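Working notes, beginning with the structure itself.
This one's a predicted model, so the numbers in the text were calculated from it and none came from an experiment. When reading the values below, keep in mind they use all heavy atoms of this one structure, side chains included, and skip hydrogens, waters and symmetry mates.
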Amino acid sequence: SELVSLPCPISCYFGSSAGSVMADVKVDIKVNSPKVTKFTVSGKTLKEAQKNLDSRDEWGLYDATRNPKQSAKADKDGNVASVTMVLNPVIELPQWSGYSSATKEQKASWDKMVKALEAHERKHHDIQVDCADDLEKQIKNAKTLDAKALNKMISDQQKACQKKQDAYDTSSGHGAKEGVELDLDA
């Protein structure tokens with residue numbers, strides 16, 4: 001399953017304290033465009049490359065948990081006054097070591113698969129952006145919000161978002177139904 005959870009609970013930044021009716025919370029949650037990185041898949045043939053891809057948990061990966069930046073501030077009564085989160089997601093895609101010596105047809109098969117895989121991982125990003133938007137709305141709509149309530153809100157949103165990510169992977173066959181496959185006859 002994809003790693004898409006939101007960052008560290010806000011209690012990392014201030015302890016849980018009781019709070020009364022809160023003032024308007026300033027919320028800024030941003031999910032940056034994913035940075036695309038490559039990992040090398042060895043294999044002289046497409047079949048060998050696929051075997052090596054199959055030995056991995058995933059052929060590609062979307063991860064929004066790396067290098068997040070977040071902060072929260074509470075007022076003197078323990079009410080959350082501001083929340084800031086910036087997620088810096090990464091998409092990891094395969095790079096085939098045997099590509100340069102492959103036939104035109106094999107290269108076309110590889111290129112088609114990688115293009116479909118990147119589109120699949122970008123859909124995971126779209127889901128993450130929607131989840132972050134939902135969390136921002138929940139925080140803004142809260143009548144009262146102390147650290148404990150905020151941590152629960154974030155935790156619940158993480159679980160709900162992971163369910164959406166898992167449902168997408170199930171419905172797409174982890175991308176197989178979207179063209180993430182190699183034509184070994186190429």
Side-chain angles (χ1 to χ4, degrees), residues 1-39 56-94 117-175 177-178 180:
S1 67
E2 304 296 319
L3 300 173
V4 294
S5 61
L6 291 170
C8 173
I10 296 301
S11 62
C12 294
Y13 308 101
F14 58 88
S16 65
S17 57
S20 55
V21 176
M22 64 179 224
D24 204 22
V25 178
K26 294 178 185 172
V27 184
D28 183 18
I29 300 176
K30 180 179 179 184
V31 182
N32 286 322
S33 294
K35 176 183 175 188
V36 178
T37 63
K38 305 276 185 171
F39 62 89
R56 297 175 51 88
D57 288 339
E58 305 276 346
W59 283 19
L61 178 72
Y62 175 80
D63 185 353
T65 65
R66 297 181 190 175
N67 303 313
K69 308 287 186 245
Q70 62 270 331
S71 64
K73 294 181 181 162
D75 65 18
K76 62 180 173 27
D77 297 320
N79 297 306
V80 175
S82 68
V83 176
T84 303
M85 293 181 180
V86 179
L87 302 182
N88 297 298
V90 174
I91 291 176
E92 292 180 357
L93 297 173
L117 181 57
E118 183 170 357
H120 173 82
E121 300 305 343
R122 289 192 181 277
K123 287 181 186 170
H124 279 295
H125 178 71
D126 294 343
I127 293 167
Q128 184 65 47
V129 170
D130 290 345
C131 290
D133 290 345
D134 289 347
L135 178 61
E136 187 165 341
K137 287 175 193 165
Q138 286 178 337
I139 293 170
K140 287 180 179 179
N141 291 333
K143 299 292 183 224
T144 62
L145 194 63
D146 61 13
K148 184 177 179 181
L150 178 59
N151 285 331
K152 181 176 182 343
M153 193 179 286
I154 291 170
S155 177
D156 290 349
Q157 182 62 29
Q158 287 173 326
K159 291 173 189 166
C161 191
Q162 189 61 54
K163 282 183 181 178
K164 290 176 185 178
Q165 297 287 2
D166 293 344
Y168 170 57
D169 270 337
T170 298
S171 70
S172 69
H174 289 269
K177 296 176 183 175
E178 300 167 317
V180 180

Just how far is it from atom [atom1] of [X] to atom [atom2] of [Y], taken to the nearest 0.5 Å?
X: L93; Y: E118; atom1: CG; atom2: CD; value: 5.0 Å
X: L117; Y: E92; atom1: CG; atom2: CD; value: 11.0 Å
X: D28; Y: K26; atom1: CG; atom2: NZ; value: 11.5 Å
X: D146; Y: N79; atom1: CG; atom2: CG; value: 7.0 Å
X: K137; Y: Q157; atom1: NZ; atom2: CD; value: 10.5 Å
X: Q128; Y: D133; atom1: CD; atom2: CG; value: 10.0 Å

query: With the threshold set at 4.0 Å, does a side-chain nitrogen-carboxylate oxygen contact exist between R122 and D126?
result: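 D126 and R122: not salt-bridged.
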D166 side chain to Q162 side chain, donor-acceptor N/O pair below 3.5 angstrom: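 There is such a pair between these side chains.
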message: Pairing donors with acceptors under 3.5 angstrom, does anything connect the side chains of Y62 and H120?
response: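 The criterion, which ignores hydrogens and geometry beyond distance, is not satisfied for H120 and Y62.
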field: NZ (K38) with more than 12 external heavy atoms under 6.0 Å
entry: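 Check passes, neighbour count above 12.
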query: Run the side-chain contact (heavy atoms from CB on, under 4.5 Å) check on L145 and M153 step by step: do they pass?
result: CA-CA 10 Å; L145 194 63; M153 193 179 286; 3.8 Å; yes
- request: Begin with the C-alpha distance, continue with both residues' side-chain angles, and end with the deciding distance and a verdict on side-chain contact (heavy atoms from CB on, under 4.5 Å) for H124 and D169.
  value: CA-CA 9 Å; H124 279 295; D169 270 337; 3.0 Å; yes
task: Could I get the full list of side-chain contact (heavy atoms from CB on, under 4.5 Å) partners for S33, not counting sequence neighbours?
output: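 S33 satisfies side-chain contact (heavy atoms from CB on, under 4.5 Å) with no other residue.
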Any E178 side-chain heavy atom under 4.5 Å of K123 side chain: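 Yes. Closest side-chain heavy atoms under 4.5 Å.
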query: How about D134 and K164: do any of their side-chain heavy atoms sit closer than 4.5 Å?
result: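 With C-beta onward as the side chain, the pair touches.
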message: Restricting to non-hydrogen atoms, name the atom on P68 and the atom on N88 that form the minimum distance, rounded to 0.1 Å.
response: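 Nearest pair, atom of P68 first, then N88: CA-ND2, 4.4 Å.
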- request: Quick one: do M85 and L135 satisfy side-chain contact (heavy atoms from CB on, under 4.5 Å)? Show the steps, please.
  value: CA-CA 11 Å; M85 293 181 180; L135 178 61; 4.2 Å; yes
field: Residue pair I139, V80: steps toward the side-chain contact (heavy atoms from CB on, under 4.5 Å) verdict
entry: CA-CA 10 Å; I139 293 170; V80 175; 5.7 Å; no
